[in-house]
Amino acid sequence: MTQRTMQEFAAEFAGTLLTAGDPGYDDARRVHNGMIDKRPALIARCRTAADVVEAVRFARANVLEISVRGGGHNVAGRAVTDGGVMIDLAEMRGIDVDADARTVRVEGGATWSELNDATAAHGLATTGGVVSSTGVAGLTLGGGLGWLMSIHGLAVDNLLSVDVVTASGEVLTASDAEHPDLFWALRGGGGNFGVAVSFEFRLHELASVYGGLVAHPLSAAGDLLRFHREFTASVPDDLTVFAALVHAPDGSGVPLAAFAVCHAGGPERCEDDLRPLLEFGAPVMTQLGRMSYPAINAMLDDGFPKGALNYWKSSFVQGIEDGLVDTIVDRFASAPSAMTQVVFEHLHGAATRIPVDHTAVPHREPGYNCLIASVWTDPAESDENIEWTRETYAAITPQLRSRRYVGYLDDDDLADAIEAAYGPNYPRLAAIKRTYDPDNLFHLNHNVPPSAS
């Protein structure tokens with residue numbers, strides 16, 4: 001990048017351009033995962049879709065790698081490039097709720113916390129993850145598991161349209177009516193197809209939910225996971241329950257087995273639906289009650305603080321088999337970090353009644369996603385935590401399905417993991433990639449290269 005080309009770019013750019021040494025550069029290049037330490041040659045902090053267009057054209061003309069930062073929450077850290085151009089949407093956080101139409105339009109830099117607060121003011125909500133600091137864009141483009149997926153489907157199942165800047169520098173609106181092939185791909189295909197600058201979602205009435213946490217001693221973990229398997233076999237769409245092996249959040253580091261609960265139905269249903277869970281075992285903590293949807297979406301935030309070091313592995317399982325239970329419980333006892341969790345996310349209800357080929361997300365079978373989320377704070381402990389995570393994942397591999405959730409893939413997950421994330425939808429994604437990004441300009445993601453023909 002010469003000074004002249006930078007000056008020409010700056011003249012057309014309404015946002016902020018940052019290079020190494022500029023105030024704010026180091027803060028802007030850091031993302032949620034503290035393990036990521038990359039230095040872009042240029043950070044283009046955009047304010048409008050026109051800024052994004054200019055940034056894409058500038059990077060392409062100067063043969064610079066592009067990364068795109070929405071919320072910056074992705075564990076793999078693909079939002080930052082070494083030596084390239086980081087297109088940063090942090091200042092594009094506008095949210096416009098149409099309460100009468102029950103829709104919301106949100107820009108690509110917003111987080112789910114911001115979106116949830118805006119929609120809750122009208123008694124409305126949509127599926128949006130389980131950690132509120134997650135970016136709307138990244139979670140949605142990856143599919144969007146969340147507390148409301150069993151009653152309202154995944155985030156992509158509530159998506160009505162996306163405004164996206166393509167590799168050619170065009171701004172396209174993708175929906176069922178316009179560019180439907182691109183709209184199909186954006187619903188789960190990640191950042192492969194351009195820079196998503198705004199999203200339009202369908203909203204649903206939701207005044208409050210009933211939920212919280214129920215924790216048991218780790219000695220009950222085996223029985224708890226087996227009970228979770230039986231209990232979730234017949235839960236209604238209103239109820240989502242995850243099971244997890246965690247550590248006490250009070251600083252003691254005591255290992256626990258827990259249920260995370262969200263019931264989105266009427267109060268009259270909660271007691272009957274949750275009675276078996278509340279009668280199970282002898283919990284050491286029960287914190288359940290009626291709360292707002294923004295509150296339950298932030299319930300797990302403290303377990304994933306910004307700047308902590310993260311290394312994750314996950315895969316889907318058809319069921320929580322005894323062999324998987326025994327291995328996970330045994331391995332968790334040796335977890336080196338008191339922040340590490342193993343979570344079984346239950347997938348059922350509305351999310352599983354969508355055809356596999358309706359969106360790019362192929363995960364439509366009832367079952368569970370097993371997530372090993374290793375989190376720690378001391379860089380000197382990175383090798384130990386990464387090794388434990390890899391060894392634990394290897395130990396449970398015989399019980400796993402060959403299906404992965406793209407939003408949880410880490411930086412060292414290779415092409416076979418990406419293919420496993422899309423299954424039968426992968427060839428169609430590669431063909432659409434050829435149409436909209438034939439040169440694979442947007443490759444710093446869980447990449448689907450364009451097909452040859």
Side-chain angles (χ1 to χ4, degrees), residues 30-36 67-80 88-90 92-93 95 104 106-120 125-149 152-159 162 186-191 196-199 201 209 211 240 242 244 260 262 292-312 314 339 341 343 345 347 351 361 363 369 371 373-375 405-411 421 445-446:
R30 299 194 188 281
V31 290
H32 197 84
N33 185 357
M35 286 189 68
I36 309 304
S67 71
V68 182
R69 184 192 188 279
H73 213 281
N74 177 255
V75 68
R78 303 291 175 86
V80 195
D88 185 1
L89 307 183
M92 296 179 63
R93 309 170 88 95
I95 301 170
V104 60
V106 55
E107 290 186 310
T111 66
W112 282 105
S113 175
E114 294 163 336
L115 178 57
N116 293 335
D117 287 344
T119 58
T126 195
T127 305
V130 297
V131 175
S132 72
S133 55
T134 306
V136 172
L139 182 127
T140 302
L141 293 173
L145 305 180
W147 291 121
L148 302 181
M149 61 186 172
H152 295 307
L154 306 178
V156 294
D157 300 330
N158 295 282
L159 194 59
V162 185
L186 289 168
R187 285 177 289 171
V197 293
S198 71
F199 300 79
F201 292 96
V209 299
T240 295
F242 295 165
C262 177
S292 68
Y293 177 67
I296 201 161
N297 205 245
M299 178 175 67
L300 306 180
D301 286 8
D302 289 347
F304 300 94
K306 184 175 182 178
L309 310 174
N310 286 257
Y311 184 78
W312 297 4
S314 78
M339 299 174 72
Q341 308 177 25
V343 185
E345 299 173 312
L347 191 69
V361 182
H363 309 306
N369 187 58
L371 168 64
S374 286
V375 185
Y405 179 52
V406 70
Y408 292 160
L409 295 182
D410 216 311
D411 193 41
N445 43 52
H446 295 302

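All residue numbers refer to positions in the sequence shown, counting from 1.
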Rounded to the nearest 0.5 angstrom, the NE2-CG distance for H73 and N310 is 8.0 Å
Quick one, T134 with T111, criterion side-chain contact (heavy atoms from CB on, under 4.5 Å). Give me CA distance, side-chain angles, the key distance, then yes/no. CA-CA 6 Å; T134 306; T111 66; over 6 Å; no
Shortest non-hydrogen pair, C262 vs W147, comes out as CB-CE3, 3.6 Å
Begin from the C-alpha positions of V31 and R69 and carry the test side-chain contact (heavy atoms from CB on, under 4.5 Å) through to its verdict. CA-CA 9 Å; V31 290; R69 184 192 188 279; 4.1 Å; yes
(Q) Determine whether a donor-acceptor pair (N or O, by modelled atom type, separation under 3.5 Å) exists between the side chain of D410 and the backbone of Y408. (A) no
May I ask you to test the I95-E107 pair for a side-chain heavy-atom distance under 4.5 Å?
no
Margin query: If only side-chain N and O atoms count, and only distance matters, is there a donor-acceptor pair under 3.5 Å linking H152 with T126?
Written below: no
Using the benzene-type ring in the case of Trp, are the ring centres of F199 and W112 under 6.0 Å apart? no
Here the gap from S374 atom OG to M339 atom CE, rounded to the nearest 0.5 Å, amounts to 11.0 Å
inquiry  = Would you say S132 and N297 are linked by a side-chain donor-acceptor pair, where the criterion is simply a distance under 3.5 Å?
reply    = no
- Query: Could you walk me through whether F201 and T127 pass the side-chain contact (heavy atoms from CB on, under 4.5 Å) check?
  - Reply: CA-CA 9 Å; F201 292 96; T127 305; over 6 Å; no
Heavy atoms of A421 and H363 approach each other most closely as O-NE2, 3.2 Å
One should read off an interatomic distance between E345 CD and T240 OG1, to the nearest 0.5 angstrom, of 10.5 Å
Check: W312 ring centre within less than 6.0 Å of Y405 ring centre: no
Here the pair of heavy atoms bringing D302 nearest to P305 is O-CD, 3.5 Å
Looking only at heavy atoms, the pair that brings H32 and F304 closest together is NE2-O, 2.7 Å
Distance col, row L159:CG vs L186:CG, nearest 0.5 angstrom, shows 8.0 Å
In this structure, CG of L409 is separated from OG of S314 (nearest 0.5 Å) by 6.5 Å
In short, salt bridge (Lys or Arg N to Asp or Glu O under 4.0 Å) pairs touching residues 70-79 with sequence neighbours left out are R78-D411
Notebook entry, point to check: Is a side-chain N or O of N33 found less than 3.5 angstrom from the main chain of V75, in a donor-acceptor match?
Noted result: yes
Value for CG (L148) from CG (L154), rounded to nearest 0.5 Å, stands at 11.5 Å
* To do: Give a yes or no on whether the backbone of N116 and the side-chain of T119 come within a donor-acceptor separation of less than 3.5 Å.
  => yes
Taking every heavy atom of G407 against every heavy atom of N74, the minimum-distance pair comes out as O-ND2, 3.9 Å
Margin query: Between S133 and K306, is the side-chain contact (heavy atoms from CB on, under 4.5 Å) condition met? List the steps.
Written below: CA-CA 9 Å; S133 55; K306 184 175 182 178; over 6 Å; no
Heavy-atom closest pair (V361 atom, G143 atom, distance to 0.1 Å) is CG2-CA, 3.5 Å
Could you check if a side-chain atom of V375 sits within less than 4.5 angstrom of a side-chain atom of L309, using non-hydrogen atoms only?
no
